[in-house]
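Accompanying notes for the structure given below.
Everything numeric in this text was worked out from a predicted model, so none of it was measured. No hydrogens, no waters, no symmetry mates; every other heavy atom, side chains included, goes into these values. Letters A, B, ... are given to chains in the order of the sequence lines, protein chains preceding strands, and every chain is numbered from 1.
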Amino acid sequence: MENIEIARVLNEYADLLELKVENRFRIRSYRKAAQMVQGLSTPIAQLIEQGKDLTVLPGVGDSMAEHIMEIFTSGTLKALDGLRKEIPAAVSELMEIERLGPKRTKQLQEQLGISSIKDLQQALDAGKLVRLPGFGKKSIEKLRQAIQTFQKRPKRFLLRDAEQLARPLIEHLGAGGDIEKVEIAGSYRRRMETVGDIDILVASENPESVMQRFQSYSEVVRVLAAGATRGTIILRSGLQVDLRILPRRSYGAALNYFTGSKAHNIALRSLGVEHGLRINEYGIFRVPRGVKPADPEKAEGERIGGADEQDVYRILKLDYVPPELRDARGEIQAAREHKLPELIKLNDIRGDFHMHSKWTDGNNTIEEMVRACEQLGYQYCAITDHSQAVHVAGGLSAKEIMAQLEEINKLRAKIHNIRLLAGCEVDILADGSLDYPDDLLDQLDIVVAAVHSKMAMTKSQMTKRVVKALAHPAVKILAHPTGRLINDREPYAIDLDEVFRAAKVFGVAVELNAQPDRLDLNDKHVQRTREIGVKIAINSDAHSVGQLRFMSYGIDQARRGWMEKQQVVNTMTWPQIGKWLKQRRQRLDTMAGS
DNA sequence: GCCGTTTTCGGCCCGACTGTTTTCAGTCG
């Protein structure tokens with residue numbers, strides 16, 4: 001049983017407890033535990049098999065540990081099965097509708113027998129809701145709209161798409177003046193692979209004008225809320241955007257609060273309480289405990305920070321936590337003990353080992369790609385077009401790749417500031433063999449191996465197939481190890497732990513493919529590579545000159561996986577890379593000889 | 001249900017917006 005499945009059961013239990021309007025702190029415990037389990041890079045199964053005490057995990061006490069054990073052994077919770085009988089499955093779906101929380105959902109179910117969105121629609125059409133206390137004319141109209149919005153709701157947006165939608169809106173806001181500072185916070189700033197909405201933070205002394213301008217953006221199709229300092233709109237694309245406007249002196253505290261994650265915020269504020277501090281989006285205040293200020297800005301107490309985000313961490317005696325780490329995965333403890341990793345940065349990257357040219361499905365010539373890499377300041381790059389099995393991408397026959405090799409050799413005479421490697425993204429066939437004969441592969445500088453077909457194998461078959469390919473002496477990098485396409489294709493079944501261990505033994509690097517819809521490996525996989533100690537390569541897989549810049553999305557996910565540059569092969573200088581390419585061969589020769 | 005630099009009980013992050021309940025509950029982030 002995978003961590004994500006355990007988390008799913010805990011979350012479902014929390015959903016149903018919520019509908020029973022249970023103690024909200026009890027519900028939060030289950031959610032917190034679910035989130036913790038989901039963020040764990042080590043499989044729970046492994047901890048249990050090693051006889052580890054689960055209560056050492058944050059947010060897990062005796063009772064939660066028992067629940068997790070029960071889920072692990074039986075696949076479910078008895079208590080959950082009981083609740084499922086009591087509450088129909090479609091009821092929890094109701095809560096996904098804007099404005100419907102646990103209380104109103106419960107009310108609808110108990111008083112009108114509404115237990116699905118369909119029921120709700122019918123009840124609305126029949127005018128039944130009018131009789132309910134708390135449901136006025138406006139509420140009912142908004143509920144109608146909310147159902148429509150829910151039914152048309154898009155999937156989560158790729159980080160890159162969100163960027164492209166947000167940028168013009170930020171420009172629109174900026175053009176109106178009255179803005180001292182503006183930034184996008186939320187999961188966008190934490191660089192999550194997808195975002196559900198956009199959170200914009202503005203420092204301004206004239207919030208009315210900024211809020212006006214926000215609502216007047218030409219892409220707005222609905223205004224959900226527009227208060228004095230806070231507003232929410234829906235864009236034509238379906239993307240929801242929240243705006244928060246605060247004075248400059250609160251900007252840092254607000255940025256911290258609005259960046260999240262929620263769990264990270266709660267942890268920080270709890271820590272604040274321990275220090276006798278109140279932390280909110282307006283600042284950090286020294287406040288006598290138990291005093292509830294009527295006005296957060298005039299809290300009885302002394303303002304001791306908030307203009308800059310660093311204030312929050314400094315005052316709590318924590319090292320600064322980069323946004324990418326703020327997911328309650330141990331970053332606060334690490335910050336307290338000065339053990340945060342020194343995260344890899346984009347300008348640590350010295351080369352790119354995976355890109356395509358016009359020879360297959362790329363848009364640019366080899367020379368154009370190499371020149372662009374040169375412009376990026378790289379010391380080396382590899383052209384890795386597809387091998388013959390990938391017909392749809394125009395994979396190269398053996399003859400064609402030899403011709404390409406010739407072109408590359410000629411090009412080398414013209415190029416002096418960057419090393420050009422002749423490579424190939426060679427297909428791993430169903431039986432684990434490679435798509436070209438060995439004598440051809442031997443002539444290439446670098447071979448990137450990848451699965452592109454027959455993805456519906458069993459987990460053990462796929463794992464065997466990939467591990468066999470890793471053992472081939474020519475292979476240097478395993479590309480997009482799970483094959484997933486975000487919002488489009490699930491990862492194929494594969495035992496990544498086994499793949500990582502094999503890669504480590506054979507001296508192969510595993511790729512973090514930086515295409516915005518791949519990001520494969522993902523952040524949690526990256527964390528696992530750290531634990532296992534296998535090297536990774538962050539590659540753009542660019543199909544055009546412009547896509548070389550996708551590298552930054554790979555860096556984002558590497559940072560989210562706590563990655564430091566020492567473990568990333570393409571941060572090495574050219575001489576080191578030259579050695580790395582040879583090393584692998586020597587290592588295999590030794591293994592063969594022993 | 002969890003947890004402890006006020007420790008084994010009694011707290012649990014904190015505030016904005018909306019609609020309708022004339023003083024606040026519900027929802028959201």
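Between the NE2 atom of A:His264 and the P atom of B:dC14 there is a distance of 15 Å, given to the nearest Å. A straight line from CZ of A:Arg222 to P of B:dT18 spans 13 Å, rounded to a whole angstrom. Between A:Ile68 atom CD1 and B:dG1 atom P the separation is 13 Å, expressed in whole Å. The distance between atom CZ of A:Phe214 and atom C1' of B:dA16, rounded to the nearest whole Å, is 14 Å. In this structure, A:Asp62 places its CG atom 11 Å from C1' of B:dG1, rounding to the nearest Å. Look at CD1 on A:Ile140: it is 15 Å from C1' on B:dT18, rounded to the nearest Å. A:Glu274 places its CD atom 17 Å from the C1' atom of B:dC14, with the value rounded to the nearest Å.
Judged by a 6.0 Å distance limit and a 45° cone about the ring axis, A:Arg191 is positioned over the six-membered ring of A:Tyr188.
Contact annotation for A:Lys106: no contact, since no heavy-atom pair falls under 4.0 Å across all strands. Residue A:Ala33 is classed as having no contact, given no heavy-atom separation below 4.0 Å to the nucleic acid. A:Ile279 comes within 4.0 angstrom of sugar-phosphate atoms only, judged by non-hydrogen atoms across all strands, and of no base. In this structure, A:Thr232 reaches neither bases nor backbone, as no heavy-atom distance under 4.0 Å exists between it and the strands shown.
Ring orientation note: the planes of A:Tyr313 and A:Tyr320 are nearly perpendicular, at an angle over 60° on the 30°/60° scale. Under the 30°/60° scheme for interplanar angles, the aromatic rings of A:Tyr13 and A:Tyr30 are found to stand perpendicular.
Checked against B:dC14, B:dA16, B:dC13, the side chain of A:Asn280 finds its nearest nucleotide in B:dC14. For A:Ser29, the side-chain atoms get nearest to B:dC2 when compared with the rest of B:dC2, B:dT5, B:dC14. Checking B:dA16, B:dC14, B:dG1 against every side-chain atom of A:Phe25, the shortest atom distance belongs to B:dG1.
Under the Watson-Crick and G-U wobble criteria, each requiring two contacts below 3.5 Å, nucleotide B:dC2 is paired to B:dG11.
Residue order along DNA chain B, read from the 5' end via each residue's closest nucleotide, puts A:Leu277 first among A:Gly231 and A:Leu277.
Under the 3.5 Å distance criterion, with hydrogens and angles disregarded, no donor-acceptor pair is assigned to the side chains of A:Ser92 and A:Asp15.
Residues passing the side-chain contact (heavy atoms from CB on, under 4.5 Å) test with A:Asp497, sequence neighbours excluded: A:Pro43, A:Gln46, A:Asp495, A:Arg501, A:Arg528, A:Ile532.
In this structure a side-chain-to-backbone donor-acceptor pair under 3.5 Å is missing from A:Asp520 to A:Asn513.
Contact record, A:Glu564 with A:Glu342: OE2-N, 3.0 Å, taken as the closest heavy-atom pair.
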Can you pull every protein N or O that's under 3.5 Å from an N or O on nucleotides 26-29 of chain B?
{"unit_1": "B:dG26", "atom_1": "OP2", "unit_2": "A:Lys103", "atom_2": "NZ", "d": "3.0"}
{"unit_1": "B:dT27", "atom_1": "OP1", "unit_2": "A:Gly101", "atom_2": "N", "d": "2.9"}
{"unit_1": "B:dT27", "atom_1": "OP1", "unit_2": "A:Gly101", "atom_2": "O", "d": "3.4"}
{"unit_1": "B:dT27", "atom_1": "OP1", "unit_2": "A:Arg104", "atom_2": "N", "d": "2.9"}
{"unit_1": "B:dT27", "atom_1": "OP2", "unit_2": "A:Lys103", "atom_2": "N", "d": "3.2"}
{"unit_1": "B:dC28", "atom_1": "OP1", "unit_2": "A:Arg99", "atom_2": "N", "d": "3.0"}
{"unit_1": "B:dG29", "atom_1": "N2", "unit_2": "A:Tyr257", "atom_2": "OH", "d": "2.8"}
{"unit_1": "B:dG29", "atom_1": "N3", "unit_2": "A:Tyr257", "atom_2": "OH", "d": "3.2"}

